[in-house]
2 protein chains.
Amino acid sequence: MVNILEIDYLVKYGRSMANANSPSPRSQRTRASLIAAGLDLLVDRPIDAIPIDDVVVRAGVAKGSFFNHFADKQDFAAAVAAEVREEVEGRVARANAGVADPVARIAGGMVVAAAFAEAEPRLATVLLRSQTPATSQSHPLNRGLRADIEAALELGLLRPEARGAGVLYWLGLCHVLMVNLVDTRPSREEAAQILSDMLALGLSGLGVPLHRAQDLARISRSPASK
Amino acid sequence: MVNILEIDYLVKYGRSMANANSPSPRSQRTRASLIAAGLDLLVDRPIDAIPIDDVVVRAGVAKGSFFNHFADKQDFAAAVAAEVREEVEGRVARANAGVADPVARIAGGMVVAAAFAEAEPRLATVLLRSQTPATSQSHPLNRGLRADIEAALELGLLRPEARGAGVLYWLGLCHVLMVNLVDTRPSREEAAQILSDMLALGLSGLGVPLHRAQDLARISRSPASK
DNA sequence: TGTACATCAGTGAACGCGCGTTCACTGATGTAC
DNA sequence: TGTACATCAGTGAACGCGCGTTCACTGATGTAC
């Protein structure tokens, strides 16, 4: 990857081209402040109802800085949403890191989604508000879901209809579950009950045998036992 | 309902009080034009991105008339969304008019939602864009759903977990199905296949026996047979 | 280590216009006698 | 049926300010020698 030109550049300027292109710490700090302010403000209002003045005041930077980092307000909103999406993706990946069974991985995605909605309702609100359609490829739960469903189908663990509609079905359930948890803010026990019921219904619909679905639903209620 | 005062009023002015309060035909026409313009424009942009000028030009009325009918832009957007919601509610009610079996009624709601998304993708887009949360009581499919699910539970037709999460589960599936149909605009055959698969997965999840779920899914593909 | 220079990001005042909202007036519709 | 009056909705010009965007300048950081 390091070619003659870059070596030359390294010698001359003491920085790799990658570093030369990467933002300075100061720049990173300003950007982070703006994103953090956006996360706060987007909880209560859609982006169009938020003046840039509010963002920069809360971020503690000058108005002009905003346009050093984002082309316009929409660009900014997209960056904030991407931030949350990446956070959720990371949590899903971590939760499923050592899990091989595709059905357990599918269930794990919903468990993480529910836990995120419960632990970070403000961030979850921003994610759900971001107009990224639930059905889209860029949905944070979608990344591995398609592969997991196909793997489970190969193993004969799901009913055949899941081949056509399984991904949509599961994303829809995770999405509506998050919306419900964020909107109603139930107690820890109530939330666990809703998740458990939703897992039982959802997995049964995919064709997972009742006892297995109920097992996974039960396990979801005591994450420590995982 | 007609009291002395109103009779007096009728004699005197030749109009019932209800009529006196109801808007004139001219007023209704103007309002309808504005709503129709809103339906057109809200397909492509959220309300905040639509200038009132655009609305009144398309409606062919003066700008001032807008504020004769709506308090502000948000009020207008709500009225437009309500319009679509009522349309969908009407279709669901009509489709389920003669159907007594609660499971068939539940399935019917999804069939209507899918048909609406397919036949009126523009209106469906407005409905799905309206920030009314899918989980809310005011969801057009929600009206009778809760009652149907409870009835089915009483008859022992659904698994017990549906008592806690059944409404949420079904609304989520209908919602994501509509989003998918509107976004991807599949062919008539593909749409029928997705609906059929989703019905099979969804009903199985509720605890409907496989053969019954597949029956209802099959029937959904030839509405004429209803 | 020190000095001069180059680059990059931050700053906030200023601009200007898009757009929501108001209002005095007009014309249409309805009512009284 | 005709005339005078009252009410109601429509009209569009005018207002004004909120807010996105620009830009000349400053200070900080990095590089060369």
Side-chain angles (χ1 to χ4, degrees), chain A residues 6 8-38 41-42 45-80, chain B residues 6 8-38 41-42 45-80:
Chain A
E6 184 168 357
D8 190 47
Y9 190 94
L10 272 164
V11 170
K12 256 186 172 155
Y13 300 100
R15 267 219 219 177
S16 78
M17 285 177 95
N19 278 346
N21 289 334
S22 81
S24 73
R26 182 170 65 143
S27 171
Q28 282 179 310
R29 238 179 302 122
T30 303
R31 189 190 144 92
S33 300
L34 288 166
I35 295 273
L41 295 170
L42 280 166
R45 302 173 269 169
I47 188 65
D48 288 311
I50 301 173
I52 292 176
D53 286 274
D54 287 14
V55 176
V56 295
V57 164
R58 182 171 282 251
V61 305
K63 204 173 182 181
S65 291
F66 183 93
F67 293 93
N68 287 343
H69 291 273
F70 307 100
D72 54 32
K73 263 212 322 191
Q74 302 308 319
D75 185 32
F76 174 65
V80 173
Chain B
E6 186 168 355
D8 191 46
Y9 189 95
L10 272 164
V11 171
K12 257 189 173 153
Y13 300 103
R15 264 219 220 178
S16 78
M17 285 175 95
N19 278 345
N21 288 335
S22 80
S24 72
R26 183 170 65 145
S27 172
Q28 282 179 311
R29 238 181 301 122
T30 304
R31 190 188 143 93
S33 300
L34 288 165
I35 296 272
L41 294 170
L42 281 166
R45 303 174 266 168
I47 187 65
D48 288 311
I50 302 175
I52 292 177
D53 286 274
D54 287 15
V55 176
V56 295
V57 164
R58 181 173 286 249
V61 304
K63 205 174 182 183
S65 291
F66 183 93
F67 293 92
N68 287 343
H69 290 273
F70 307 100
D72 53 32
K73 259 207 331 188
Q74 302 308 320
D75 185 32
F76 173 66
V80 173

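A note on names: the letters A, B, ... follow the listed sequences, proteins ahead of strands, and every chain is numbered from 1.
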Would you indicate which nucleotide in [options] comes nearest to any side-chain atom of [X]?
X	options	answer
B:V61	D:dT11, C:dG20, C:dG10	D:dT11
A:A62	D:dG20, C:dC19, C:dT11	C:dT11
A:I52	C:dA9, D:dG20, C:dG20	D:dG20

pair B:D53-B:F66: side-chain heavy atoms closer than 4.5 Å: no

Does a side-chain N or O from [X] land closer than 4.0 Å to OP1 or OP2 of [N], or not?
X	N	answer
A:N68	C:dG10	yes
B:S24	D:dA9	no
B:K63	D:dG12	no

Suppose we define a pair by two distances each less than 3.5 Å, Watson-Crick or G-U wobble; what does [N] pair with here?
N	value
C:dT1	none
D:dT29	C:dA6
D:dT21	C:dA14

Whole Å only: how far is the [atom1] atom of [X] from the [atom2] atom of [N]?
X	N	atom1	atom2	result
A:Q74	D:dC19	CD	P	15 Å
A:L34	C:dA9	CG	P	14 Å
B:L41	C:dC19	CG	P	13 Å
B:R45	C:dC19	CZ	C1'	13 Å
B:F70	D:dG10	CZ	P	11 Å
A:I50	D:dG18	CD1	C1'	15 Å
A:R31	C:dC8	CZ	C1'	17 Å
A:F67	C:dC15	CZ	P	18 Å

Residue mapping more 5' on DNA chain D - nearest nucleotide basis, A:I47 or A:R26: A:I47

First encountered from the 5' end of DNA chain C, between A:F66 and B:F66: A:F66

Given DNA chain C, 5'-ward residue of the pair B:R29 and B:D72, judged by closest heavy atom: B:D72

Gap separating the CG atom of B:L34 from the CZ atom of B:F70, nearest 0.5 angstrom: 5.5 Å

Spacing of OG belonging to B:S24 relative to CZ belonging to B:R29, to within rounding of 0.5 Å: 8.0 Å

Sidechain-backbone polar pair: A:K73 side chain, A:I47 backbone, donor-acceptor under 3.5 Å: yes

Salt bridge present between A:D54 and A:R45 (N-O < 4.0 angstrom): yes

